Asker: 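One structure coming up, written as structure tokens, with questions to follow.
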Amino acid sequence: MFDARYSIRTHVAGALRAANVGETVTLAGWVHRRRDHGGLVFIDVRDRSGLVQCVFDPDASGAAFVTAERVRPEWVVKLNGTVRPRPEGTVNTNLATGEVEVIITSAEVLNSSETPPFEIDSALDTDETLRLKYRYIDIRRPEVMETFLLRDRVTQRFRKSLEHRGFLEIETPILGKSTPEGARDFIVPSRLSPGEFYALPQSPQLFKQLLMVGGVERYYQVARCFRDEDLRADRQPEFTQIDIEMSFITQDDILGMMEEVMREVMHEAGVDLKTPLPRLTYADAMDRYGSDRPDTRFAMELVSLSENFATSEFKVFAGALSSGGAIKGINAKSAGDWSRSKIDALNQVALDAGAKGLAWVAFPTEGDVRSPIAKFFSDAEMSGLREAMMVEPGDLVLMIADAKDVANEVLGTLRLKMAEELAIARDGFETLWVVDFPLFKWDAEEKRYDANHHPFTRPFDEHLDRIPADPAGALSYSYDLVMNGLEIGGGTLRIHDAALQRSVLGVLGIEAEEADAQFGFLLEALSLGAPPHGGIALGLDRLIMLLAGKHSIRDVIAFPKTSSGSCPLTGAPGPVSQRQLRDVHLRTD
RNA sequence: GGGGGUGUAGCUCAGUUGGUUAGAGCGCUGGCCUGUCAAGCCAGAGGUCGCGGGUUCGAGCCCCGUCACUCCCGCCA
């Protein structure tokens with residue numbers, strides 16, 4: 001609760017109401033805006049709680065009036081006065097405090113301010129770099145402040161919901177050990193061990209598993225994570241996870257528990273989350289949406305057309321099918337009148353996404369068909385296409401014929417592209433689980449298997465026999481939480497058997513000797529009474545971003561980095577002295 | 001590493017086919033003003049057109065390079 005306790009004021013500005021009329025108050029805050037009428041001055045005084053109009057009238061206090069003429073926006077002031085109702089006709093309904101005003105009897109300037117580099121109270125969309133350079137001023141803007149109030153509420157709700165369910169908040173090291181796989185590590189040189197380095201954690205993954213071996217059973221942490229990769233609108237080099245791990249559970253246990261927690265958290269943010277959440281297998285997600293994090297706020301699902309074109313004369317289609325591929329399509333409603341050049345641009349999108357080409361049929365009006373390839377289709381194929389795609393006049397059908405994975409992925413990209421181009425309404429918070437990910441994914445370039453989630457993911461019990469022989473066929477106890485097409489969380493049940501863990505590491509090309517060197521401590525822990533366990537990590541920043549309706553993760557981080565990883569405010573990263581380098585046994589060119 | 005976009009007053013932006021002294025709104029400074037709340041009116045100050053080079057009689061505008069920011073691809077177990 002934010003109020004006037006423990007401060008030099010008696011009230012906070014934003015809390016004053018008609019009920020306070022007649023009270024003598026002391027306020028402290030910033031000059032938000034000043035309206036000088038010559039013989040009468042209005043100053044809106046702002047603190048974290050909001051703002052209230054203060055009136056400076058020479059009849060009430062000549063000294064205060066003189067002060068009011070002198071102060072400027074963002075000066076810091078302490079004011080004494082009396083709350084009174086606003087005169088008839090001057091109530092401001094746009095303001096929570098708009099029914100009242102404070103007639104000031106004495107004023108003290110606590111600090112002056114230079115003219116701010118940008119206006120706090122402005123509708124103008126200020127350059128983001130400038131906002132970040134003066135973030136402390138930016139944060140004074142009510143809209144920005146509101147975001148951090150929301151972030152606080154959501155974070156506290158996570159803590160409460162998890163505490164109520166028996167989770168212990170435990171901190172894990174920031175200075176850790178670099179391990180192979182995963183993202184690039186941020187590394188920290190060691191002064192006491194010349195030539196050796198700590199790594200900042202990409203996540204507390206191994207430590208939380210060790211806590212399970214330690215009998216903690218239910219753990220959580222608001223954990224800062226570090227990954228030295230390129231930035232995006234939704235990616236920062238350091239970010240925060242709500243990190244969770246539980247013992248003696250099934251996958252249903254943790255999904256059900258998380259649904260309850262998420263419902264409570266979303267409720268805190270004013271969103272009614274319907275549970276149980278839909279669950280989509282990875283295979284179905286790819287098949288229907290061409291994405292493992294489908295945006296389910298709109299349909300435009302992928303439809304298989306392989307059967308319809310099974311005997312097609314069209315070489316591209318026949319070729320794709322004969323080599324074991326698929327023909328799939330999406331129906332972009334109301335794009336049937338798109339020009340050739342706009343469709344050519346879509347073709348380029350398809351090419352960039354890995355397709356060999358884009359097949360399309362436009363149905364601009366009833367009975368009218370426009371397409372460079374329709375002439376290869378039989379009447380039966382054309383009517384089958386109309387039926388399968390549920391074509392109406394005005395539609396544009398986009399088709400990809402390729403290996404099934406390629407067709408899915410390209411159409412998934414086109415689906416999102418078309419939703420954007422057609423400005424399809426995407427409202428609400430469509431949330432679902434994507435489950436049953438393959439344990440491994442094949443890296444064609446490196447010609448080896450990678451862990452899909454991470455190397456500690458537990459395979460389906462019934463797929464254990466596939467591990468050495470047919471790794472690609474093994475599915476895993478794994479789950480991503482997807483909201484509005486963004487992955488906001490992911491987790492797995494873990495391997496708790498040392499032999500199985502060695503076997504999985506082996507598939508990843510990490511043989512016994514290296515496994516012992518890199519993960520010996522984990523393998524040893526697994527052999528010393530590790531309970532079955534599993535967990536999940538939620539991307540707190542992304543979740544807040546969605547809840548706040550922001551388009552960048554930077555908007556919900558107090559002091560974020562620019563896309564080149566620098567901090568406009570402090571100038572980090574920066575050089576260090578030769579002495580500091582010598583201390584940690586480093587030389588630079 | 002690759003592709004797209006942006007960079008002009010403190011802020012947000014305009015700036016025509018390359019042509020005289022680079023403009024507007026907001027903010028700022030000063031003046032007037034006792035019921036405003038984006039207060040109003042009057043006046044004023046304020047410019048390394050991101051930076052460097054080039055073409056040209058002449059460059060904010062064209063060319064080359066470079067920097068910063070931003071979006072995307074790669075990358076992100």
Side-chain angles (χ1 to χ4, degrees), chain A residues 32-45 51-60 65 68-69 72-74 84 86-95 97-98 101 103 114-134 137-138 179-185 202-203 205-206 225-237 239 348-349 351-354 413 416-417 420 437 439-441 443 445 449-457 476 478 487 490-492 504-505 508 510 537 539 551-552 554 561-566 568:
Chain A
H32 188 66
R33 195 170 269 278
R34 198 175 67 106
R35 293 176 293 279
D36 186 346
H37 286 244
L40 187 71
V41 178
F42 299 96
I43 290 178
D44 293 334
V45 170
L51 53 83
V52 67
Q53 171 167 283
C54 296
V55 185
F56 295 75
D57 189 329
D59 296 340
F65 180 79
E69 296 207 292
R72 291 292 181 270
E74 299 313 306
R84 69 184 190 192
R86 292 200 184 192
E88 190 75 30
T90 63
V91 167
N92 186 342
T93 52
N94 296 322
L95 221 51
T97 60
E101 61 189 17
I103 177 72
E114 301 290 328
T115 302
F118 54 89
E119 293 162 57
I120 280 78
D121 183 27
S122 171
L124 295 181
D125 205 3
T126 305
D127 176 70
E128 190 181 357
T129 310
L130 191 72
R131 288 174 51 200
L132 294 185
K133 181 173 180 183
Y134 298 98
I137 291 173
D138 192 42
T179 52
E181 303 257 348
R184 191 179 294 111
D185 285 321
Q202 297 180 27
S203 81
Q205 182 61 38
L206 293 175
C225 304
F226 305 86
R227 295 178 189 176
D228 189 6
E229 298 291 349
D230 284 359
L231 291 80
R232 287 284 191 284
D234 63 350
R235 266 164 40 190
Q236 283 272 302
F239 61 100
Q348 190 57 48
V349 171
L351 293 177
D352 291 345
T413 302
L416 292 176
K417 174 76 176 169
E420 194 185 313
F437 285 78
L439 186 60
F440 303 107
K441 61 172 177 254
D443 184 331
E445 252 177 55
Y449 284 103
D450 274 342
N452 209 331
H453 261 87
H454 55 55
F456 319 110
T457 301
S476 62
S478 50
E487 180 197 329
T492 65
V504 166
L505 289 175
L508 296 171
I510 301 172
H551 294 102
S552 164
R554 293 184 298 274
K561 305 286 190 291
T562 68
S563 67
S564 60
S566 63

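Quantities reported herein were computed from a predicted structural model and do not represent experimental measurements. Below, chain A is the first sequence line, B the second, and so on; all start at residue 1.
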Asker: Write down the atom of A/Pro58, the atom of A/Gly39, and the distance for their closest heavy-atom approach.
Answerer: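 For A/Pro58 versus A/Gly39, the nearest heavy atoms are CD-O, 3.2 Å.
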Asker: Can you check the distance between B/G19 and B/C62, where both ends of the measurement are the C1' atom (answer in whole Å)?
Answerer: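 Pairwise C1' distance, B/G19 against B/C62, rounds to 14 Å.
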Asker: Within this structure, what is the CZ-to-C1' distance between A/Arg33 and B/C37, rounded to whole angstrom?
Answerer: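 Going from CZ in A/Arg33 over to C1' in B/C37 covers 9 Å.
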Asker: With a cut-off of 6.0 Å (strictly less than), are more than 12 heavy atoms of other residues, nucleotides or ligands near NZ of A/Lys561?
Answerer: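 Count over threshold, so yes.
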Asker: For A/Lys561 and B/A68, give me the distance from atom NZ to atom P, rounded to whole Å.
Answerer: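 To the nearest whole Å, that distance equals 17 Å.
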Asker: Which base, if any, makes a Watson-Crick or G-U wobble pair with B/A24, both distances under 3.5 Å?
Answerer: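 B/A24 is paired, partner B/U12.
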Asker: Quickly work out the A/Lys133 NZ to B/A68 C1' distance and round it to whole Å.
Answerer: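 Rounded to the whole Å, the gap is 12 Å.
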Asker: With sugar-phosphate meaning primed atoms plus P, OP1 and OP2, does A/Arg554 contact a base, only sugar-phosphate, or nothing at under 4.0 Å between heavy atoms?
Answerer: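 Result for A/Arg554 = sugar-phosphate.
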Asker: Over how many whole Å does the gap from A/Glu128 atom CD to B/U12 atom C1' extend?
Answerer: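 The distance from CD of A/Glu128 to C1' of B/U12 comes to 16 Å, rounded to the nearest Å.
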Asker: With distance as the sole test, does A/Arg86 use its side chain to make a donor-acceptor pair with the main-chain N or O of A/Gly98 at under 3.5 Å?
Answerer: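 Checked: pair present.
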Asker: Taking the C1' atom of each, how far is B/G52 from B/C11, in whole Å?
Answerer: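 It works out to 27 Å between them.
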Asker: Rounded to whole angstrom units, what separation is found between the CD atom of A/Glu74 and the P atom of B/C11?
Answerer: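 One finds 16 Å between P of B/C11 and CD of A/Glu74, rounded.
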Asker: P atom, B/G65 versus B/G4: distance in rounded Å?
Answerer: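 Their P atoms lie roughly 12 Å apart.
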Asker: So which nucleotide from B/U12, B/C75, B/C71 ends up closest to the side chain of A/Asp127?
Answerer: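 The answer is B/U12, which lies nearest to the side chain.
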Asker: Which whole number of Å gives the distance between the C1' atom of B/G3 and that of B/U55?
Answerer: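 To the nearest whole Å, 28 Å.
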Asker: Output the rounded distance in Å from CG (A/Asp443) to C1' (B/G74).
Answerer: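 Rounded to whole Å, this separation is 13 Å.
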Asker: Any base atoms under 4.0 Å from A/Ser563, or only sugar-phosphate, or nothing? Heavy atoms, all strands.
Answerer: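 The residue A/Ser563 makes base contact.
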Asker: Would you call A/Arg554 and A/Glu128 a salt bridge, using N to O less than 4.0 angstrom?
Answerer: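 A salt bridge is present here (some side-chain N lies under 4.0 Å from a carboxylate O).
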Asker: Using Watson-Crick or G-U wobble geometry with both distances below 3.5 Å, tell me the partner of B/A68, or none.
Answerer: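 Result: B/U6.
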Asker: Mind checking if A/Asn92 touches a base, just sugar-phosphate, or nothing, with heavy atoms under 4.0 Å?
Answerer: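 Base, at least one base heavy atom under 4.0 Å.
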Asker: Has the side chain of A/Arg235 got a donor or acceptor atom sitting under 3.5 Å from an opposite partner on the base of B/C76?
Answerer: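 Indeed there is one.
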Asker: With rounding to whole Å, what would you report as the distance between B/G7 and B/A14 at their P atoms?
Answerer: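 The same atom, P, in both gives a distance of 7 Å.
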Asker: How close do A/Pro87 and A/Glu101 get, counting heavy atoms only, and between which atoms?
Answerer: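 Scanning both residues, the minimum pair turns out to be CD-OE2, 3.8 Å.
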Asker: Taking N or O atoms only and anything under 3.5 Å, show me the protein contacts with nucleotides 3-10 of chain B, one pair per line.
Answerer:
| unit_1 | atom_1 | unit_2 | atom_2 | d |
| --- | --- | --- | --- | --- |
| B/G10 | O2' | A/Pro117 | O | 2.7 |

Asker: Check every strand shown and say whether A/Thr457 touches a base, only sugar-phosphate, or nothing at a heavy-atom separation below 4.0 Å.
Answerer: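 Nothing: the residue A/Thr457, judged by heavy atoms under 4.0 Å, touches no strand.
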Asker: Between A/Thr129 and A/Pro568, which heavy-atom pair has the shortest distance, and what is it?
Answerer: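 That closest heavy-atom pairing would be O-CB, 4.0 Å.
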Asker: For nucleotides B/A59 and B/U20, find the distance between their P atoms and express it as a whole number of Å.
Answerer: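 Roughly 12 Å separates the two P atoms.
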Asker: Treating primed atoms plus P, OP1 and OP2 as sugar-phosphate and everything else as base, which nucleotides of nucleotides 28-36 of chain B get B, S or - for protein heavy atoms under 4.0 Å?
Answerer: SSS--BBBB
Asker: Please report, rounded to the nearest Å, how far the C1' atom of B/C76 is from the CG atom of A/Asp234.
Answerer: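 Checked: the CG to C1' distance equals 10 Å.
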Asker: In whole Å, what separates the P atom of B/A38 from that of B/G1?
Answerer: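 That atom pair is separated by 49 Å.
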Asker: Between A/Gln202 (side chain) and A/Gly182 (backbone), is there a donor-acceptor pair under 3.5 Å?
Answerer: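 Such a contact is absent between A/Gln202 side chain and A/Gly182 backbone.
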Asker: Using the side chain to side chain contact (heavy atoms under 4.5 Å, CB included) rule, take A/Phe440 and A/Val504 through it: C-alpha gap first, then chi angles, then the decisive distance, then the call.
Answerer: CA-CA 9 Å; A/Phe440 303 107; A/Val504 166; 4.0 Å; yes
Asker: Measure the distance from CG on A/Asp450 to P on B/C75 and round it to the nearest whole Å.
Answerer: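 Value for this atom pair: 10 Å.
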Asker: Could you say whether A/Thr562 or A/Ala233 is positioned toward the 5' end of RNA chain B, judged by the nucleotide with the nearest heavy atom to each?
Answerer: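 Checking each residue's closest nucleotide, the 5'-ward one belongs to A/Thr562.
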Asker: Can you confirm whether A/Glu114 is buried at CD, in the sense that more than 12 heavy atoms of other residues, nucleotides or ligands lie under 6.0 Å from that atom?
Answerer: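 Atom CD in A/Glu114 is not crowded, with 12 or fewer foreign heavy atoms closer than 6.0 Å.
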Asker: Counting any heavy atom closer than 4.0 Å, what does A/Gln202 reach on the DNA or RNA strands: base, sugar-phosphate only, or nothing?
Answerer: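 It contacts nothing in the nucleic acid.
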Asker: Where do A/Thr126 and A/Arg131 come nearest, in terms of heavy atoms and distance?
Answerer: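 So the two residues come closest at O-CD, 3.5 Å.
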Asker: Do the charged groups of A/Arg35 and A/Asp44 touch, with an N to O distance under 4.0 Å?
Answerer: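 The answer is yes: the pair qualifies as a salt bridge.
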Asker: Tell which nucleotide pairs with B/U29, taking only Watson-Crick or G-U wobble pairs whose two distances are both under 3.5 angstrom.
Answerer: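 Checking every strand shown, B/U29 finds its partner in B/A43, with both distances under 3.5 Å.
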Asker: Which nucleotide, in any strand shown, forms a Watson-Crick or G-U wobble pair with B/G18, with both distances under 3.5 Å?
Answerer: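 Partner of B/G18: none found under 3.5 Å.
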